[in-house]
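In what follows, a structure is listed as structure tokens, so that the remarks can point back to it.
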Protein chains: 2
Amino acid sequence: MNATIVEVARKSGTSLSTVSRVLSNSAYPVNEKTRKRVVEAAEALGYRPNSAARMLRSRRSMYIAAIVPSLNNPFYSTVISAIEQEVLASGYMLQMYSSNNDPELESRLLDLIGSVQAAALLISSMNWNEKLERKIRDLGIPAVFFDQIPEGYSGHYVGFDFHEAGRMAAEFLISEGHRDIAFGCGPFDRESRRQYRNGFCEVLDEAGISSADAIVSIAGAGSMHEYEMGVAIADELLRRKGMPTAVAVINDIAALGVIKRLEIGGVNVPFDVSVMGFDDIPYGFMMTPSLTTIRQPAEETGRMATRLAVSLIGDPGSECMNEIFHPVLIRRESVRRIGRIERKENSYND
Amino acid sequence: MNATIVEVARKSGTSLSTVSRVLSNSAYPVNEKTRKRVVEAAEALGYRPNSAARMLRSRRSMYIAAIVPSLNNPFYSTVISAIEQEVLASGYMLQMYSSNNDPELESRLLDLIGSVQAAALLISSMNWNEKLERKIRDLGIPAVFFDQIPEGYSGHYVGFDFHEAGRMAAEFLISEGHRDIAFGCGPFDRESRRQYRNGFCEVLDEAGISSADAIVSIAGAGSMHEYEMGVAIADELLRRKGMPTAVAVINDIAALGVIKRLEIGGVNVPFDVSVMGFDDIPYGFMMTPSLTTIRQPAEETGRMATRLAVSLIGDPGSECMNEIFHPVLIRRESVRRIGRIERKENSYND
DNA sequence: CTCCATATAGAAAACGTTTTCTATAAATAG
DNA sequence: CTATTTATAGAAAACGTTTTCTATATGGAG
């Protein structure tokens, strides 16, 4: 099987202690000549340290664990890529799992992570309760929440200002001359969505537009695919008497559903109705019309969360650290300025 | 810190051997009464086995490692999700890394994987050479390639019939009445693409259509984003004297670039030119026009590769196992039948 | 020249398990 | 009633490292 440190010791004519010191480049002084012999022997034998033994004895973990709701969501896959890079760059290895936002699965995953002795936990979850809190605390390792921060959570996190994003969406639509505005979404089952809605409605109300009528919330959307939800939102819009001039949708995929359904219903986007997304999925600018949306910085979130976690490893008692990212507006074609009727110049690129 | 088996033994008034037997549910008989005591003590202490110790002593790994070119690619993220599920279901844990198809990084990752003592390796790579072969062999664990199978590789794999996919694309276009057909792609730097091209051209030639003129290969596309490549393909098409009636594109994202660029150039898809994709990204049916394409079964690939790997763990000498999946045609709107001029009925769903 | 620090390296302990070995009591076979 | 399984459980070894402890030269300081 794999060569062990003992075989390297035998081959290099030294003791196992010496070999360990060389190969784990400890601070302990070892003669240059000997070091060379050891390195050569290890090389020749194709020695690779057994990480289980190493972790066991040194009581140091080489793993950072991450839990995201889904890997298929382009936002999270971007975050995860950034996390992966940063984790490797910090000398750790990544153990990544997806939870589907299922509390049951989340709990099982935390047990697994507990038994692999990860050095830190990165997690994005919409659930927060006694049980989860205890489970995470029992892990005895620093945990960093990122992206959505569940209500009541009070620990380290790298978040995003969903409230500001909601405000930004509404402000932009109003600044483009819209007054008759709808807000399409599913149930408000997570804090992030409530915040977005609050920000959005706040601005509407400030502008003297009734936000109560604006909301088109698809009740049973919890189990629906985002796209279907968008279709349902557009259905509802088409059913109403008066069409708004603009609709903000809770995420990009749903926005695509809205657009497709409206187009089929004979309503042109953006000429009859403007549609505004949220997320900035990488396909938004490839569409026709390309999607005006709001971006949450995904790489930055992943990187920052990882850095924070790494810095927390080894000093557990530190007070709550956090970082909040801000939304950035991505102006493209799916929202048009009211009053202008000329066709906006098309572009095939961002 | 975390409770150990010894503390559980003390608390339950038994020996550490007994505790181990209970908690690792070994086949060894242990009195029901005692078992209960142990379980309760473990529960009370919140005991979680230390996987490093467990792996070290039992010489069994709990990890399956996977390397994919990219996590941001929706095809791979679907594969990875399936792998994750299947790995967990088999009682293992997943260690997943992305290589960007970079041989250097691949090699580093293999070293890492070697030292974590994974039980099996799942890998999708376009590179195959002496060095990689030796590295993988040195791991001493079963390796299963999936998706693309590099030329010269002879081991376990779960593949896809790219040649058939190429044939299918060409046959479909011809069956829809097209004779003037282009094939848009980047450099043929990987076996899978060569196979697709070969199948495609084969059918063209059989039908008496010169395949040599059909190929629009963007030279510098190696470093380009797929979408840019599509734009470049369309540019080239627009530059030519005669527009083909149909263009097959090497992947969906590039197809989106082609469509957008053609539309901007005043060429309507599918009325003036039909566009055929390849991959079936999840956004294909959300677009306008929705994308006609060919699907490689991603979940099935991930699941099958994992099952194969798991079955291979522990009997290393078995001969080369493999499984090949076949393409399935996804008919949507971006390809139209030549001769028909009525607008196909739009649908907002698959 | 003696004493003490220093560089170097081997011996042994330890990490938390699983597994093998050994021991005892109960149960069955003869 | 003795001999031999069988059920049960503790003791001890082992997995491959890192770390602590101990030992031996070597080199200055006095």
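Lettering of chains follows the sequences in order, A, B, ..., and the numbering in each one begins at 1.
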(message) It should be established whether B/Tyr28 places a side-chain nitrogen or oxygen under 4.0 Å from OP1 or OP2 of nucleotide D/dG10.
(response) no
(request) Would you indicate, yes or no, if C/dT19 has its OP1 or OP2 atom less than 4.0 angstrom from a side-chain nitrogen or oxygen of B/Arg60? (result) yes
(request) Please state whether the rings of B/Phe146 and B/Tyr76 are parallel, tilted or perpendicular, taking 30° and 60° as the class boundaries. (result) perpendicular
(message) Name the residue from A/Thr14, A/Thr4, A/Thr34 that meets the side-chain contact (heavy atoms from CB on, under 4.5 Å) definition with A/Val19.
(response) A/Thr14
(request) Output yes when at least one side-chain N/O atom of B/Thr34 is less than 4.0 Å from OP1 or OP2 of D/dA9, else no. (result) yes
(request) Let me know the distance between CG of A/Asn31 and P of C/dT6, rounded to the nearest Å. (result) 18 Å
(request) Using whole Å, report how far CG of B/Leu16 lies from P of C/dC15. (result) 13 Å
(request) Please assess A/Arg35 against A/Glu32 for the test salt bridge (charged side-chain N to carboxylate O under 4.0 Å, His left out), listing each intermediate value before the final yes or no. (result) CA-CA 5 Å; A/Arg35 158 168 278 125; A/Glu32 214 36 64; 3.8 Å; yes
(request) Could you check B/Ser15 against A/Ser17 and say which one's nearest nucleotide on DNA chain D is further toward the 5' end? (result) B/Ser15
(message) Tell me if the CE atom of B/Met62 is crowded by more than 12 foreign heavy atoms within 6.0 Å.
(response) yes
(request) From the options D/dG16, D/dT8, D/dT18, select the nucleotide whose nearest atom is closest to the side chain of B/Pro29. (result) D/dT8
(request) Check the distance between C/dT20's P and B/Arg59's CZ and give it to me in whole angstrom. (result) 12 Å
(request) Ignoring backbone atoms, test whether B/Thr14 places a side-chain nitrogen or oxygen under 4.0 Å from the OP1 or OP2 oxygen of D/dA9. (result) no
(message) Please report the distance, rounded to the nearest Å, between CG in A/Asn25 and P in D/dT17.
(response) 15 Å
(request) Answer yes or no: does a side-chain N or O of B/Arg54 lie under 4.0 Å from OP1 or OP2 of C/dT18? (result) yes
(message) Just to be sure I understand the rule, does B/Arg35 reach a base, reach only the sugar-phosphate, or reach nothing, if contact means heavy atoms closer than 4.0 Å?
(response) nothing
(request) Output the single nucleotide from C/dG16, D/dT17, D/dT8 whose closest atom is nearest the side chain of B/Thr4. (result) C/dG16
(message) Whole angstroms only, please: what is the CD-C1' distance between A/Gln117 and C/dC15?
(response) 11 Å
(request) Can you tell me the distance, in whole Å, between the CD atom of A/Glu32 and the C1' atom of C/dA7? (result) 13 Å
(message) Using heavy-atom distances to pick each residue's nearest nucleotide on DNA chain C, tell me which of B/Arg21 and B/Leu56 is more 5'.
(response) B/Leu56
(message) Just the rounded figure in Å: distance from P of C/dT19 to CE of B/Met55.
(response) 14 Å
(request) May I ask you to evaluate whether A/Ser20 reaches the phosphate of D/dT17, defined as a side-chain N or O under 4.0 Å from OP1 or OP2? (result) no
(message) Without decimals, in angstroms, what is the distance between B/Asn50 CG and C/dA14 P?
(response) 18 Å
(message) With a cut-off of less than 4.0 Å, is there a side-chain N or O of B/Arg57 near OP1 or OP2 of C/dT19?
(response) no
(request) For a ring pair (Phe, Tyr, Trp, His ring centres under 6.0 Å) with A/Phe145, tell me which candidate from A/Phe160, A/Tyr157, A/Tyr153 qualifies. (result) A/Tyr153
